[in-house]
Amino acid sequence: MRKLLDALYLGSAWLAALFMIGVLVMVLLSIFGRLLHFYVPGTDAYAGYAMAGAGFLALAHTLKSGEHIRVTLIIGKLTGAARRGLEMWSLSVAVLLAALLALYSWRLAWQSHQFHDISTSADATPLWIPQILMGVGTTVLLIAFIDEWMLELQRRRTPATEERGHE
């Protein structure tokens, strides 16, 4: 199961990287279009969709790599059961919030599909298509938080930030 989860997080990060390349391509296309006097409709919108997709798809890998900003003002001073209790409480809240974010992300995409909502830009893209990236990214983030919660419950969690000595 560990290999499958790690592959999911890494795959999501690779997709995020591809979408970042998509942002670059759209920006370059827009620049060259202005220089060479041709217009490609929707480049700004597609750059925005790719940027949002990259951001959401990178969340889980960032969490599992220990790169999310974490305020350790209180938890850093705790030890033993008090620290573990606060860790479990924090992860439980994170799981709840990630679940709500994933639920409402998918709900937004579904409603956009139902209402035939399209972009107001020149591209007129059905909005449910880029919104799917938000749903996928938040769902993978939810899985990552559940993974962290389970590891903490089993006392097998070693935050990546502690391993590198950043806390």
Side-chain angles (χ1 to χ4, degrees), residues 1-36 38-72 90-91 94-110 112-113 117-152 156-167:
M1 183 62 127
R2 172 71 4 215
K3 286 183 181 182
L4 180 66
L5 288 172
D6 289 342
L8 175 66
Y9 308 140
L10 188 59
S12 186
W14 275 100
L15 275 175
L18 288 175
F19 278 101
M20 286 301 295
I21 292 169
V23 172
L24 173 67
V25 168
M26 290 297 111
V27 170
L28 288 176
L29 187 58
S30 180
I31 291 169
F32 287 124
R34 270 180 273 167
L35 290 174
L36 301 174
F38 68 88
Y39 175 67
V40 178
T43 53
D44 292 344
Y46 286 122
Y49 303 149
M51 180 63 76
F56 281 103
L57 289 168
L59 287 172
H61 187 267
T62 305
L63 171 70
K64 296 304 282 185
S65 298
E67 299 297 333
H68 277 207
I69 295 173
R70 183 176 161 152
V71 179
T72 59
S90 299
L91 286 168
V95 166
L96 175 66
L97 292 174
L100 289 171
L101 186 58
L103 173 72
Y104 284 102
S105 295
W106 284 111
R107 182 177 172 195
L108 176 66
W110 178 254
S112 292
H113 182 266
D117 200 8
I118 61 168
S119 169
T120 56
S121 312
D123 64 311
T125 300
L127 288 178
W128 65 269
I129 297 170
Q131 289 169 349
I132 285 175
L133 298 172
M134 186 169 69
V136 170
T138 56
T139 301
V140 177
L141 178 65
L142 171 61
I143 292 167
F145 270 123
I146 292 170
D147 183 15
E148 288 292 302
W149 191 87
M150 291 298 295
L151 289 172
E152 183 67 29
R156 292 181 20 217
R157 183 169 170 262
T158 306
T161 52
E162 286 182 356
E163 290 173 9
R164 289 194 309 269
H166 289 186
E167 281 198 346

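Just so it is clear, the structure is predicted and the values come from calculations on it, not from any experiment.
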Practice task
With rounding to the nearest 0.5 Å, note down the distance linking CE in M150 to CE in M1.
Solution key: 9.5 Å
Practice task
Calculate, to the nearest 0.5 Å, the distance between atoms NE2 and CD1 belonging to H113 and I132 respectively.
Solution key: 8.5 Å
Practice task
Nearest 0.5 Å please: distance from the CG atom of L142 over to the CG atom of L97.
Solution key: 11.0 Å
Handout entry: Side chain T43, main chain M26, donor-acceptor under 3.5 Å
Key = no
Practice task
Could you tell me whether the side chain of S65 and the main chain of T62 form a donor-acceptor pair under 3.5 Å?
Solution key: no
Fill in the blank from the handout: For A50 and V23, the nearest pair of non-hydrogen atoms, with its separation, is CB-CG2, 3.6 Å
Completion exercise
Minimal heavy-atom distance between Q131 and A109, with the atoms involved, is OE1-CA, 3.4 Å
Fill in the blank from the handout: In short, F38 meets F32 closest at the heavy-atom pair CE2-O, 3.8 Å
Exercise for the section: Taking W106 for its side chain and G135 for its backbone only, find out whether a donor-acceptor pair lies under 3.5 Å. Expected result: yes
Practice task
State, to 0.1 Å, how close A144 and A60 come at their nearest heavy-atom pair, and which atoms those are.
Solution key: CB-CB, 3.9 Å
Problem - Stepwise side-chain contact (heavy atoms from CB on, under 4.5 Å) test for D147 and K64 - result: CA-CA 9 Å; D147 183 15; K64 296 304 282 185; 2.9 Å; yes
Exercise for the section: Quick one: do I118 and L127 satisfy side-chain contact (heavy atoms from CB on, under 4.5 Å)? Show the steps, please. Expected result: CA-CA 5 Å; I118 61 168; L127 288 178; 5.7 Å; no
Practice task
Keeping the roles fixed (side chain from S12, backbone from L8), state whether a donor-acceptor pair exists under 3.5 Å.
Solution key: no
Completion exercise
Output for pair (L133 CG, T138 OG1), nearest 0.5 Å, gives 10.5 Å
Practice task
In sequence, state the C-alpha distance, the side-chain angles, and the governing distance for L141 and F56, and then conclude on side-chain contact (heavy atoms from CB on, under 4.5 Å).
Solution key: CA-CA 8 Å; L141 178 65; F56 281 103; over 6 Å; no
Problem - Over all atoms of both residues, closest heavy-atom pair of L57 and L15 - result: CD1-CB, 3.9 Å
Practice task
Given side-chain hydrogen bond (donor to acceptor under 3.5 Å, both in side chains), test T125 with Y46 step by step and report yes or no.
Solution key: CA-CA 9 Å; T125 300; Y46 286 122; 3.0 Å; yes
Exercise for the section: Would you mind reporting whether V40 and S30 have side-chain heavy atoms less than 4.5 Å apart? Expected result: no
Practice task
Please round to the nearest 0.5 Å and tell me the distance separating atom OG1 of T139 and atom CG of L103.
Solution key: 9.5 Å
Practice task
Among L63, V140, L96, find the one that has a side chain to side chain contact (heavy atoms under 4.5 Å, CB included) with F145.
Solution key: L63
Practice task
Please answer whether the main-chain N or O of L59 pairs with a side-chain N or O of H68 as donor and acceptor at a distance below 3.5 Å.
Solution key: yes
